[in-house]
Amino acid sequence: MTSSFVVYRLPGQSKISFNSSPAFVVKDLNCLNDSHFVMAPFDDQSEWSIFAFDANNTRNIEQKEWNNLNLEFASKHEDVYHATAKEHQNQVQQIVEEIKKGDIQKVVLSRIQSQLRNNKSLKQIFSQLCEKYPNAFVYLCQLPNGQIWCGASPETLAKYEEGKFETMALAGTKALLNKQTDQLVWQQKEQDEQVWVQDYIKNILSNKNLECSQSDTYTAQAG
């Protein structure tokens, strides 16, 4: 079993949080009563496990300690199926046909791309992500099964504070190109995408009989 750890930097903050306690597998997130750092698959039908780190073992570390921290990374490599260009094109065509029927409005179709890593260490990559994306949630996590996840997300899934729950509808991307955020002009396609995401979230909350309010739409700088 590979040693597990997670290190992360919250949006708008400079301090780094580190947890090297053994991650454990949970079958259902509802069994977690206390605060945890969780890595979970996108759907409950996935064969991947849900891993949780006890937040009581998380501590803040200074940049000097992070630089001197000796982390042992797994060398595990998994063979992952890569769709061919033709398969990808066929899937795109199928999606276009479904959109024309009016059954769906928006689909995000992705392909896995394998790429040889350069000689930068994962610690260097994490530090560079923190510097480049100050308004994102930046994380580096190694799971007991040998998987390593690293990324920077500008999107808040859930925030609960003083009895108030908040989530975020974030859609559409545009380069700043030396402009201010209020100078950007969003086309109708991007505005439609934003509305679809907002409506999707509101429908979920409505189906749970939860009352909600919505702020005005605004442009957020991610990187």
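Given the structure is predicted, the values throughout are model-derived calculations rather than measurements.
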>> Please evaluate residues Ile148 and Phe73 with respect to the criterion side-chain contact (heavy atoms from CB on, under 4.5 Å), reporting the C-alpha separation (whole Å), side-chain torsions for both, the decisive distance (0.1 Å), and the verdict.
In response: CA-CA 8 Å; Ile148 300 174; Phe73 291 98; 4.0 Å; yes
> What's the verdict on side-chain contact (heavy atoms from CB on, under 4.5 Å) for Asn19 and Phe5, showing C-alpha distance, side-chain angles and the deciding distance?
Replying inline: CA-CA 6 Å; Asn19 188 324; Phe5 64 85; over 6 Å; no
>> Under the rule for side-chain hydrogen bond (donor to acceptor under 3.5 Å, both in side chains), what residues qualify as partners of Asn60, not counting sequence neighbours?
In response: Ser17
> Linking I/L/V/M/F/W/Y whenever their side-chain heavy atoms sit closer than 4.5 Å, directly or via other members, would Val7 and Ile125 fall into one cluster?
Replying inline: yes
>> Please list all pairs meeting side chain to side chain donor-acceptor pair (under 3.5 Å) that have one or both residues in residues 208-223, counting only residues at least two apart or in different chains.
In response: Trp186-Thr219, Gln198-Thr217, Lys202-Gln214
> Is there a donor-acceptor pair closer than 3.5 Å between any side-chain N or O of Gln194 and the backbone N or O of Gly172?
Replying inline: no
>> Centre-to-centre under 6.0 Å for Phe18 and Phe53, is that the case here?
In response: no
> In Å and rounded to the nearest 0.5 Å, what is the CG to CG distance from Asn56 to Asp34?
Replying inline: 6.5 Å
> If you take all heavy atoms of Met168 and Pro154, which pair is closest and at what distance?
Replying inline: SD-O, 4.0 Å
>> For a quick test of reading the model, state the closest non-hydrogen atom pair linking Pro41 to Ser49 and the distance between them.
In response: CD-O, 3.7 Å
> With hydrophobic residues grouped by side-chain heavy-atom distances under 4.5 Å, do Ile201 and Val195 end up in a single group?
Replying inline: no
>> Just so I know, are the side chains of Ser4 and Leu143 near enough to count as touching, which here means a heavy-atom distance under 4.5 Å?
In response: no
> Going by heavy atoms in the side chains, are Val96 and Ile99 under 4.5 Å from each other?
Replying inline: no
> For Ile16 and Tyr8, what are the C-alpha separation, side-chain angles and deciding distance, and is it a side-chain contact (heavy atoms from CB on, under 4.5 Å)?
Replying inline: CA-CA 6 Å; Ile16 296 174; Tyr8 61 89; over 6 Å; no
> Is there a donor-acceptor pair closer than 3.5 Å between any side-chain N or O of Lys123 and the backbone N or O of Asn70?
Replying inline: no
> More than 12 non-hydrogen atoms from neighbouring residues, nucleotides or ligands closer than 6.0 Å to CD on Gln183, yes or no?
Replying inline: yes
With a 3.5 Å cut-off and sequence neighbours excluded, list the donor-acceptor pairs that the side chains of residues 102-112 form with protein atoms.
| residue | atom | partner | partner atom | Å |
| --- | --- | --- | --- | --- |
| Gln105 | OE1 | Trp196 | NE1 | 3.4 |
| Arg111 | NH2 | Ala83 | O | 3.0 |

> Would Met39 and Gln147 satisfy side-chain contact (heavy atoms from CB on, under 4.5 Å), going step by step from the backbone distance to the final call?
Replying inline: CA-CA 11 Å; Met39 290 292 288; Gln147 291 182 355; over 6 Å; no
> How many angstroms lie between atom CG of Asn67 and atom CD of Gln124, to the nearest 0.5 angstrom?
Replying inline: 10.0 Å
> Taking atom CG of Leu71 and atom CG of Leu122, what is their separation to the nearest 0.5 Å?
Replying inline: 9.0 Å
> For Lys101, what residues pass the salt bridge (Lys or Arg N to Asp or Glu O under 4.0 Å) criterion, not counting sequence neighbours?
Replying inline: Glu98
> What are the two closest heavy atoms between Leu184 and Lys179, and how far apart are they?
Replying inline: CD2-CD, 4.2 Å
> Side chains of Gln188 and Asp192: do they bring a donor and an acceptor to under 3.5 Å?
Replying inline: yes
> If you link I, L, V, M, F, W and Y whenever their side-chain heavy atoms are under 4.5 Å apart, who else ends up in the same group as Leu177?
Replying inline: none
> Going through the distances and angles, do Gln94 and Asn90 end up as a side-chain hydrogen bond (donor to acceptor under 3.5 Å, both in side chains)?
Replying inline: CA-CA 6 Å; Gln94 291 173 12; Asn90 289 339; over 6 Å; no
> Are Val197 and Leu170 side-chain neighbours, meaning at least one heavy-atom pair lies under 4.5 Å?
Replying inline: no
> Apart from Phe165 itself, what residues make up its hydrophobic cluster when side-chain heavy atoms of I, L, V, M, F, W and Y under 4.5 Å apart count as a link, directly or indirectly?
Replying inline: Tyr160
>> So which atom in Leu129 and which in Cys150 form the shortest heavy-atom distance, rounded to 0.1 Å?
In response: CD1-SG, 3.8 Å
> Does His88 reach the side chain of Val92, with side-chain heavy atoms less than 4.5 Å apart?
Replying inline: yes
> Under the side-chain hydrogen bond (donor to acceptor under 3.5 Å, both in side chains) test, which residues partner Glu97, sequence neighbours left out?
Replying inline: Gln93
> Has the side chain of Glu190 got a donor or acceptor atom that lies under 3.5 Å from a matching backbone atom of Gln187?
Replying inline: yes
>> I'd like to check the salt bridge (Lys or Arg N to Asp or Glu O under 4.0 Å) partners of Glu155; sequence neighbours left out, ordered by chain and number.
In response: none
>> So if I apply the side chain to side chain contact (heavy atoms under 4.5 Å, CB included) rule between Ile61 and each of Arg59, Gln63, Lys64, which one comes out positive?
In response: Arg59
> Could you give all pairs that pass the ring pair (Phe, Tyr, Trp, His ring centres under 6.0 Å) test and reach residues 104-128, with sequence neighbours left out?
Replying inline: Trp66-Phe126
> Any side-chain heavy atom of Phe51 sitting closer than 4.5 Å to one from Val25?
Replying inline: yes
>> Please enumerate all residues that pass salt bridge (Lys or Arg N to Asp or Glu O under 4.0 Å) together with Lys164, with sequence neighbours excluded.
In response: Glu166
> Nearest 0.5 Å, what's the CZ-CG distance between Arg9 and Leu140?
Replying inline: 13.0 Å
>> Ignoring hydrogens, what is the shortest heavy-atom contact between Ala74 and Gln142? Give both atom names and the distance.
In response: N-OE1, 2.7 Å
> In Å, rounded to the nearest 0.5 Å, how long is the span from CZ of Phe24 to CG of Asp54?
Replying inline: 6.0 Å
> What heavy-atom pair brings Val185 and Lys174 nearest, and what distance separates the two atoms?
Replying inline: O-CE, 3.1 Å
>> Just to verify, what does Tyr133 make a ring pair (Phe, Tyr, Trp, His ring centres under 6.0 Å) with, not counting sequence neighbours?
In response: none
> Got a second to check how far Cys130's SG is from Leu10's CG, nearest 0.5 Å?
Replying inline: 10.0 Å
> Can you name the salt bridge (Lys or Arg N to Asp or Glu O under 4.0 Å) partners of Glu87, sequence neighbours left out?
Replying inline: none
